[in-house]
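This report refers to the structure that appears directly beneath it.
Chain letters run A, B, ... following the sequence lines, proteins first and then strands; every chain starts at 1. Any value given below was found using the heavy atoms of this structure, including those in side chains, with hydrogens, waters and symmetry copies removed.
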Protein chains: 2
Amino acid sequence: MTGIRAQQKEKTRRLLIEAAMNQLSAEHGYASLSLREVAREAGIAPTSFYRHFQNMEELGLSLVDEGGLALRQLLRQSRLQIARGGSIIRSSVTTFMAFVANQTPIFRLLLQEKSGNSRAFRLAVQREVDHFTAELVDYLVAEQHYPRELAELQADAIVRIVFGAGADAIDADATERQRLTELTIAQVRMVARGADAIRQLGRPTK
Amino acid sequence: MTGIRAQQKEKTRRLLIEAAMNQLSAEHGYASLSLREVAREAGIAPTSFYRHFQNMEELGLSLVDEGGLALRQLLRQSRLQIARGGSIIRSSVTTFMAFVANQTPIFRLLLQEKSGNSRAFRLAVQREVDHFTAELVDYLVAEQHYPRELAELQADAIVRIVFGAGADAIDADATERQRLTELTIAQVRMVARGADAIRQLGRPTK
DNA sequence: CATTTTAGCTAACACGTGTACGCTCAATGT
DNA sequence: ACATTGAGCGTACACGTGTTAGCTAAAATG
């Protein structure tokens, strides 16, 4: 009942997606992705592409979704590390940087399309980043007992710092990435201290 | 001796640059910029383009330079506001956001090519951002007497936050941009507080 | 004034692109 | 068993692209 036919279709759909991913590189971004080349790498005729996607844009949005999914899986991984002890900041930043290193093409896609030229793409990526931020806010409120507003301010700043560092990490080699990771950890801790100081102001007499 | 000929050449060179700027929009980025369309808008034949630039890439790098120049002019403006009193943070963030609002295509170009697909572009933009950071470090060391290392950490974090906010401001309307500006100011102040707290740790007994 | 330089032109090229049309043939539905 | 569906294919078209080669005329040079 799985449908040997639908099964095959899903398979070549994946072939297309993976072909597109492969063609994403440092020199060759989504914008300059060609239907024909993607189809060629997937091993189907150019026209058969339309059996799976209406547009290249539709393919691209699927890529973003895949990326967002991977990103959220990363977050869960990170939370696992927290559960079994250790600095939340360090483990979060480290796993994030590992994601950038291991899934470079996906991260680059997210990064580029965040300020890219398709509104649909920008919104899709922003949605993923917002997820990211929202979960951080929840953590700060639930576990660290920050007032919501301050938690939002802080989470937003942290996400900006971490994503910015991720962008710089893309081009970096392992050593440089290590340095960036430590730098980022220190910066996030700095933000946390600042948020804490502000919180103390709110209720000066402990 | 100005050279009526060289003068004319410089003029159409500017025409080309401005034509390229005009074609940069939310939907149509540098990557999909066409030599022929640019030439058309500049009012010259496609082939004449090569009298001024060897590549589209060379044109693009000129655009980045123009953008960086404008950004540095903005910084000087901002520093003037500081000289005649007022919060340095507020005036810096405000003028930065004004830049994003008024010179949107240029800022978008910088933002996109920062993580774009041409290494030359990435380096060019990074160079501009580094200028930005370096001047902030100098300020923090000279005026606020932070130790250099802490100043660098702080400046880098601030630049990341501000640029991230700028990226979000691109799509925003005036009201939303105002909100973003206030948010960013608060975040930068938060970072400053954090840096201050860390500095106090370094020399606990005042 | 004679010569050289050069910004801009027209014509032409080879190429890659997205997409429409109609065919095949194996998996599905009845 | 038969009819229908649909994934994939080959052909073909119109179009925009970057780039070369060679001409023209005006400015620069001496």
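For A:R90 and A:E182, the salt-bridge test passes: some basic side-chain N is under 4.0 Å from an acidic carboxylate O. Taking a cutoff of 4.0 Å between a charged side-chain nitrogen and a carboxylate oxygen, A:K114 and B:D168 qualify as a salt bridge. Salt-bridge check for B:E37 with B:R40: failed, with every basic side-chain N at 4.0 Å or more from each acidic carboxylate O. One finds a salt bridge joining B:R199 and B:D196 here, because a Lys/Arg side-chain nitrogen approaches an Asp/Glu carboxylate oxygen to under 4.0 Å.
Within the 4.0 Å cut-off from OP1 or OP2 of D:dG16, not a single side-chain nitrogen or oxygen of B:S34 is found. Note on A:T47: every side-chain N or O is 4.0 Å or more away from OP1 and OP2 of C:dT19.
Screening A:R13, A:R72, A:R14 for a salt bridge (charged side-chain N to carboxylate O under 4.0 Å, His left out) involving A:E66 leaves a single residue, A:R14.
As rounded to whole Å, 15 Å separates atom P of C:dG18 from atom CZ of A:F53. Atom CZ in A:F49 sits about 15 Å away from atom C1' in D:dA7, given to the nearest Å. Distance, A:R36 CZ to D:dC9 C1': 13 Å, rounded to whole Å. Atom CD of A:Q54 and atom P of C:dA20 are 10 Å apart (whole Å). Protein atom OH of B:Y50 is 13 Å distant from nucleotide atom C1' of D:dA21, rounded to whole Å. A straight line from CD of A:Q8 to P of C:dA26 spans 14 Å, rounded to a whole angstrom. Following rounding to the nearest Å, A:I4 (CD1) and C:dA26 (P) show an atom-to-atom distance of 12 Å. For the pair A:L35 CG and D:dC15 P, the computed distance is 19 Å after rounding to whole Å.
Taking the six-membered ring where the residue is Trp, B:F121 and B:Y30 present tilted rings, their angle falling between 30° and 60°. Ring geometry for A:F107 against A:F96 counts as perpendicular: the plane angle is over 60°, on a 0 to 90° scale with 30° as the lower cut.
Here C:dG8 is the nucleotide among C:dG8, D:dC9, D:dT19 with the atom lying nearest to any side-chain atom of B:H52. The side chain of B:T12 approaches C:dG8 more closely than any other nucleotide in the set C:dG8, D:dG8, D:dA12. Here the side chain of A:I44 is nearest to one of C:dT19, D:dC9, C:dA7, namely D:dC9. In the set C:dA12, C:dT28, C:dT17, the nucleotide with an atom closest to the side chain of A:R40 is C:dT17.
Applying a 4.0 Å cut-off to non-hydrogen atoms, none of the residues of residues 55-65 of chain A approaches DNA chain D. Residues from residues 13-27 of chain B that place a heavy atom under 4.0 Å from any atom of DNA chain D: there are none.
Side chains of A:Y50 and A:N55: a donor-acceptor N/O pair is absent below 3.5 angstrom, by distance only. At a cut-off of 3.5 Å, with distance as the only test, no side-chain donor of A:N22 or A:E18 sits close to an acceptor on the other residue.
Residue whose closest nucleotide on DNA chain D sits further toward the 5' end, between A:R5 and A:P46: A:R5. Checking B:S48 against A:R51, the closest nucleotide of DNA chain C that is more toward the 5' end is the one next to B:S48.
Residue B:E57 places its CD atom among more than 12 non-hydrogen atoms of other residues, nucleotides or ligands, all under 6.0 Å distant.
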